[in-house]
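Here's the structure we're looking at; comments come further down.
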Amino acid sequence: DAARPELLQTGPMMPMIEAQLSQHFIVHRLDAPDAEAQLAEAGGRIRAIATGVGSTAGGARRVTQALLARLPKVEIVANFGVGYDSVEVAAAAARGIVVTNTPGVLDDEVADLTIGLLLATVRRIPQAERYLRAGLWPKGGFPLSPTLRDRSIGLIGMGRIGQAIARRLAGFGRPLAYHSRRPVEGLPYPHYPDLVALARDVDVLIAILPGGPETHHLINAEVLSALGPTGILINVARGSVVDEEALVRALKDGTIAGAGLDVFAHEPNVPAELIALDNAVLLPHIASATHVTRNAMGQLVVDNLLAWFDGRGPLTPVPETPVPG
Ligand code: NDP
């Protein structure tokens, strides 16, 4: 036992992760009833943190500066998910702590779901299915829907997943453009340094960029108004990137036509106003949620921790992380 490093798990994780963690580490739980006592007793020995359950619950920062201050020996924070906005990464970096995430293994899965949500929203697929199930078809056909055929599409974020979405969209034969801080070399799509200008020029916006303070409410009333009355917003990024109140207003008053959302500001709570709207398609943060992909993500969490304590360095450190010396 003396050889096993001590690790803090911030909440429930997949059984395949928990089984491996308990095999290789002495695990303490932040969600245990006696968490305070565990922290007080073991805080000085804990060398690793495992966090994230696939949803960041509204950007709640589970690995905070305050928590790290109580754990002076922590060397690594392994986050489940490519998005790590639940970790105060600057505070971790300042303490020389390595943060890892799970990039790459979920790109195609998330891109597939994004296409599904896009089509569901534009063609009103869930609404049509509800119509059939409600027995309304014999009374008349489902109302005609908007189309993707006359739309141009703007991606907000053109990283690993954005490019996987763009590859799929190429098959749809619709014009594509994107916004990010820097253009991506070698891509044929127009780059917009200004998000409002992109919103003005396209008919669909798809958000696939990180959450956190830098992108908080990037998609605000001004952007929605620029997107316009036939516009559709798809958000598979983080709830925090959209001003949710402004979005509800825009959907209610026809500022935009519809929205497809996989993520929300205060997960798992979705505003009743949003649920009441027929022009919104709402999913419970499922973009990466398949057995195959979640297992691959889980294994990468464990493998990052094992590689670190084997002296092989982190496998997938986030860009803000200090280079291990
Ligand atoms: P990458 O880091 O590969 O790409 C991020 C993209 O966002 C880049 O194009 C980057 O370009 C852009 N970006 C970053 N900051 C800003 C900013 N302030 N303003 C404008 N653009 C910005 O990430 P991934 O593609 O792997 O993942 C993207 C995000 O998707 C994750 O961080 C996560 O939050 C979310 N996600 C959601 C899932 C879900 O379940 N719904 C599943 C998986 C991921 P540049 O740096 O040039 O600005």
Side-chain angles (χ1 to χ4, degrees), residues 51-61 79-87 89 99-118 154-168 176-187 189-199 205-220 223 233-242 259-265 267-268 270 281-290 292-294 296-298 300-301 316-321:
T51 190
V53 288
S55 155
T56 58
R61 309 205 129 221
N79 182 68
F80 180 93
V82 66
Y84 48 96
D85 44 328
S86 58
V87 178
V89 69
V99 177
T100 65
N101 63 345
T102 61
V105 295
L106 44 55
D107 298 351
D108 287 327
E109 198 76 81
V110 174
D112 286 352
L113 191 279
T114 305
I115 299 297
L117 182 55
L118 170 67
L155 290 188
I156 312 174
M158 188 53 100
R160 288 171 295 251
I161 301 172
Q163 290 174 48
I165 295 171
R167 284 195 295 275
R168 283 158 176 73
L176 199 58
Y178 69 104
H179 165 72
S180 58
R181 290 167 302 181
R182 290 168 299 271
V184 180
E185 230 175 278
L187 283 188
Y189 318 112
H191 174 255
Y192 283 69
D194 178 15
L195 176 55
V196 174
L198 176 66
L205 279 177
I206 301 177
I208 184 64
L209 75 170
E214 281 199 36
T215 58
H216 186 257
H217 288 192
L218 192 75
I219 302 164
N220 55 18
V223 172
L233 172 71
I234 305 295
N235 186 9
V236 285
R238 283 290 180 263
S240 62
V241 307
V242 175
L261 309 172
D262 185 46
V263 288
F264 301 88
E267 294 171 12
V270 177
V281 176
L282 311 173
L283 299 179
H285 202 143
I286 58 163
S288 71
T290 66
V292 164
T293 293
R294 287 286 170 88
M297 293 163 65
L300 193 46
V301 170
T316 50
V318 305
E320 295 92 334
T321 245

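Numbering starts at 1 and runs along the sequence shown. Ligands are counted one by one from 1 in listed order, and the atoms in each one are counted from 1 as well.
One distance of note links CG of L198 with NE2 of H191; it measures 9.5 Å at 0.5 Å rounding.
At least one side-chain heavy atom of E214 sits less than 4.5 Å from a side-chain heavy atom of R181. Between I161 and V82, the closest side-chain pair of non-hydrogen atoms falls below 4.5 Å. Contact check for R238 versus H285: side-chain heavy atoms found under the 4.5 Å cut-off.
Residues P319 and Y84 approach most closely at CD-OH, 3.5 Å, considering heavy atoms. Nearest heavy-atom pair across N101 and V318 is CG-CG1, 3.7 Å.
Each of the atoms 24 (P), 25 (O), 26 (O), 27 (O), 43 (C), 44 (C) of ligand 1 lies under 4.0 Å from some heavy atom of I161. Those atoms of ligand 1 with a heavy atom of H285 less than 4.0 angstrom away are 39 (C), 40 (O), 41 (N). For ligand 1 and A287, the ligand atoms under 4.0 Å from any heavy atom of the residue are 39 (C), 40 (O), 41 (N).
Of the listed options P210, G157, G81, A164, P210 places a heavy atom closest to atom 5 (C) of ligand 1. When the options A207, G159, S288, P183 are ranked by their closest heavy atom to atom 6 (C) of ligand 1, first place goes to G159. Around atom 19 (N) of ligand 1, the closest heavy atom drawn from R181, E109, R182, M158 belongs to R181. By heavy-atom distance, the residue among H179, E214, M297, R160 lying nearest atom 23 (O) of ligand 1 is R160. When A111, A237, P284, G162 are ranked by how near their heavy atoms come to atom 35 (C) of ligand 1, first place goes to A237.
In this view, Q163 satisfies the side-chain hydrogen bond (donor to acceptor under 3.5 Å, both in side chains) rule with no residue, not counting sequence neighbours. Residues forming a salt bridge (Lys or Arg N to Asp or Glu O under 4.0 Å) with E320 (at least two apart in sequence, or on another chain): none.
At under 3.5 Å, not a single nitrogen or oxygen of V82, backbone or side chain, sits near a nitrogen or oxygen of ligand 1.
Not close to ligand 1: P103, with no non-hydrogen atom less than 4.0 angstrom away.
With a heavy-atom cut-off of 4.0 Å, I156 does not touch ligand 1 at all.
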